[in-house]
Visitor: 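After the structure tokens below, expect a handful of questions from me.
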Amino acid sequence: MRKNIVAGNWKMNTTVPEGVELAKAVNDAVASTDIKCDVIVGVPFTHLTAVKQVIDINKVGLAAENCADHNSGAYTGEVSAPMVASTGANYVILGHSERRGYYNETNEMLKTKVDLALEAGLKVIFCCGESLEEREAGKLEEVIGAEISESLFHLDAEQWKNIVIAYEPIWAIGTGKTATSDQAQEVHAFIRALIAKQFGEDLAGDTTILYGGSCKPSNAQELFAKPDIDGGLIGGASLKCDDFMGIVTAF
Ligand code: 13P
């Protein structure tokens, strides 16, 4: 059964006390609302332990926004997948375009991160998406195909069940410029077909594919109504409980 998910990606926002307040508010809102999807908050490393204490992990999943490509050792400033898992977090966001773009994360490096995350017992929200230049040059399928196949297609079917895909067109992130629901659906269908070729129709049908990029309460319903859009990965609108819940309740 395919799960619908709305996940927040707070990025580098909020202090720990602010983050705890926000997480508490989301947890309370989820507990008191009839919701029809899974809810996850993706928070900075520094917030994981404190946020874990104020949420019911059975109702609100907890994600780190990255993890290292090594498990331990002399890698100053890095945080490994086992460290993330030891906070009680159950997800990690990997391959966000901001990490690929600003910190030079490659498909090869992400393959290692995916392996270490799964080994640590974390589920992976794996991001992919094209830039405007790539879209206009007709390279969308090539770029997304490489991101997904080079970092994920070495997995076996059992491991695949712990992967959530997030399609985030780079030109739509934080720009207020959402992909139209038809544009998003077209790419989601392409991604699902790609997964079907590798893992078969059943597993592809069970895979959750999220849309991310200027998703907000006013456009979530139209996006989520599309057959291959199973929820959202939410940046800016996840920083206000009311906006985030406006998206959660779009299902
Ligand atoms: P915005 O919702 O702020 O556009 O960010 C999307 C995103 O990057 C989520 O990972």
Side-chain angles (χ1 to χ4, degrees), residues 4-14 18-19 22-23 26 37-45 47-48 51 60-67 84 89 91-103 105 110 113-114 117 122-132 134-135 140 143-144 147-148 151 163-181 183-184 187-188 191 208-224 226 229-251:
N4 290 325
I5 298 176
V6 173
N9 173 11
W10 294 0
K11 308 192 179 183
M12 196 174 73
N13 292 297
T14 74
E18 288 164 354
L22 177 57
V26 169
C37 63
D38 285 7
V39 176
I40 299 167
V41 288
V43 311
F45 290 133
H47 298 35
L48 288 169
V51 166
V60 178
L62 180 60
E65 300 173 13
N66 180 30
C67 72
V84 169
Y91 285 88
V92 60
I93 298 167
L94 290 176
H96 194 282
S97 58
E98 288 150 15
R99 302 244 22 119
R100 293 174 186 268
Y102 302 147
Y103 303 101
E105 294 196 358
L110 286 165
K113 292 191 179 199
V114 166
L122 297 168
K123 292 181 165 55
V124 173
I125 300 173
F126 184 85
C127 305
C128 60
E130 82 289 0
S131 67
L132 193 58
E134 289 163 343
R135 174 174 275 262
L140 185 153
V143 169
I144 292 175
E147 287 178 339
I148 292 179
S151 301
I163 303 290
V164 171
I165 302 290
Y167 167 58
E168 301 204 309
I170 298 170
W171 47 273
I173 296 176
T175 57
K177 209 171 153 189
T178 326
T180 65
S181 54
Q183 276 176 323
V187 182
H188 281 233
I191 292 170
T208 298
I209 308 178
L210 308 179
Y211 168 78
S214 299
C215 185
K216 39 190 183 264
S218 58
N219 59 25
Q221 204 151 26
E222 189 188 333
L223 286 160
F224 298 172
K226 292 291 178 186
I229 302 181
D230 311 313
L233 182 58
I234 318 300
S238 72
L239 294 170
K240 287 205 181 109
C241 183
D242 286 351
D243 288 349
F244 188 57
M245 289 307 294
I247 298 170
V248 167
T249 54
F251 277 113

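The residues of the chain are indexed from 1 along the displayed sequence. All figures in this text were calculated on a predicted structure; none of them were measured in a lab. Both counts, for ligands and for their atoms, begin at 1 and track the order of listing.
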Visitor: So for ligand 1, is G174 a polar contact partner (N or O within less than 3.5 Å, distance only)?
Guide: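 Yes: some nitrogen or oxygen of G174 is under 3.5 Å from one in ligand 1.
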Visitor: Just by distance, do the side chain of S151 and the backbone of I148 share a donor-acceptor pair under 3.5 Å?
Guide: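 Side chain of S151 to backbone of I148, a donor-acceptor pair under 3.5 Å: no, none is there.
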Visitor: With a cut-off of 4.0 Å, which atoms of ligand 1 are near a heavy atom of E168?
Guide: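 In order of number, 6 (C), 7 (C), 8 (O), 9 (C), 10 (O).
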Visitor: Distance under 4.0 Å to a non-hydrogen atom of N9: what atoms of ligand 1 satisfy this?
Guide: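 In order of numbering, the contacting atoms are 9 (C), 10 (O).
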Visitor: Decide whether an N or O pair under 3.5 Å exists between G235 and ligand 1.
Guide: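 It does: an N or O of G235 is found under 3.5 Å from an N or O of ligand 1.
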Visitor: side-chain contact (heavy atoms from CB on, under 4.5 Å) with I40: which of L233, I125, V6?
Guide: I125
Visitor: What is the minimum heavy-atom distance between P169 and G212, and which atoms define it?
Guide: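 Closest heavy-atom pair between P169 and G212: CD-O, 3.4 Å.
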Visitor: For D38 and T208, what are the C-alpha separation, side-chain angles and deciding distance, and is it a side chain to side chain contact (heavy atoms under 4.5 Å, CB included)?
Guide: CA-CA 11 Å; D38 285 7; T208 298; over 6 Å; no
Visitor: Which of these passes side-chain contact (heavy atoms from CB on, under 4.5 Å) with Y211: N219, T178, I234?
Guide: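 Only match with Y211 under side-chain contact (heavy atoms from CB on, under 4.5 Å): T178.
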Visitor: Would you please determine whether A172 falls within less than 4.0 Å of ligand 1 on a heavy-atom basis?
Guide: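 Heavy atoms of A172 do come under 4.0 Å of ligand 1.
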Visitor: Can you confirm, on distance only, whether ligand 1 has an N/O atom lying under 3.5 Å from any N/O atom belonging to K11?
Guide: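 Yes, there is a polar N/O contact under 3.5 Å.
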Visitor: Should the pair F251 and F224 be assigned to parallel (<30°), tilted (30 to 60°) or perpendicular (>60°) ring geometry?
Guide: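 Taking F224 first and then F251, their aromatic rings lie parallel (interplane angle under 30°).
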Visitor: Which atoms of ligand 1 sit under 4.0 Å from any heavy atom of G213?
Guide: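 That gives atoms 4 (O), 6 (C) of ligand 1.
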Visitor: I need the atoms of ligand 1 closer than 4.0 Å to a non-hydrogen atom of G236, numbered in the order shown.
Guide: 1 (P), 2 (O), 3 (O)
Visitor: Taking both backbone and side-chain atoms of G212, is any N or O found less than 3.5 Å from an N or O belonging to ligand 1?
Guide: no
Visitor: Tell me, please: is A237 in heavy-atom contact with ligand 1, that is, under 4.0 Å?
Guide: no
Visitor: Test of understanding: given a 4.0 Å heavy-atom threshold, classify the contact between C127 and ligand 1 as side chain, backbone, both, or neither.
Guide: neither
Visitor: Specify the closest pair of heavy atoms between E65 and V43, including all atoms of both residues, with the distance to one decimal.
Guide: OE2-C, 3.2 Å
Visitor: Show which atoms of ligand 1 fall inside a sub-4.0 Å distance from at least one heavy-atom site of S214.
Guide: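 Near S214, meaning under 4.0 Å from one of its heavy atoms, ligand 1 has 1 (P), 2 (O), 4 (O).
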Visitor: Report, in ascending order of atom number, the atoms of ligand 1 lying under 4.0 Å from any heavy atom of H96.
Guide: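 Counting from 1, the qualifying ligand atoms are 7 (C), 8 (O), 9 (C), 10 (O).
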Visitor: Is it the case that more than 12 heavy atoms not belonging to E222 sit under 6.0 Å from its CD atom?
Guide: no
Visitor: Between A89 and L48, what is the shortest heavy-atom contact and its length?
Guide: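 That closest heavy-atom pairing would be CB-CD2, 4.1 Å.
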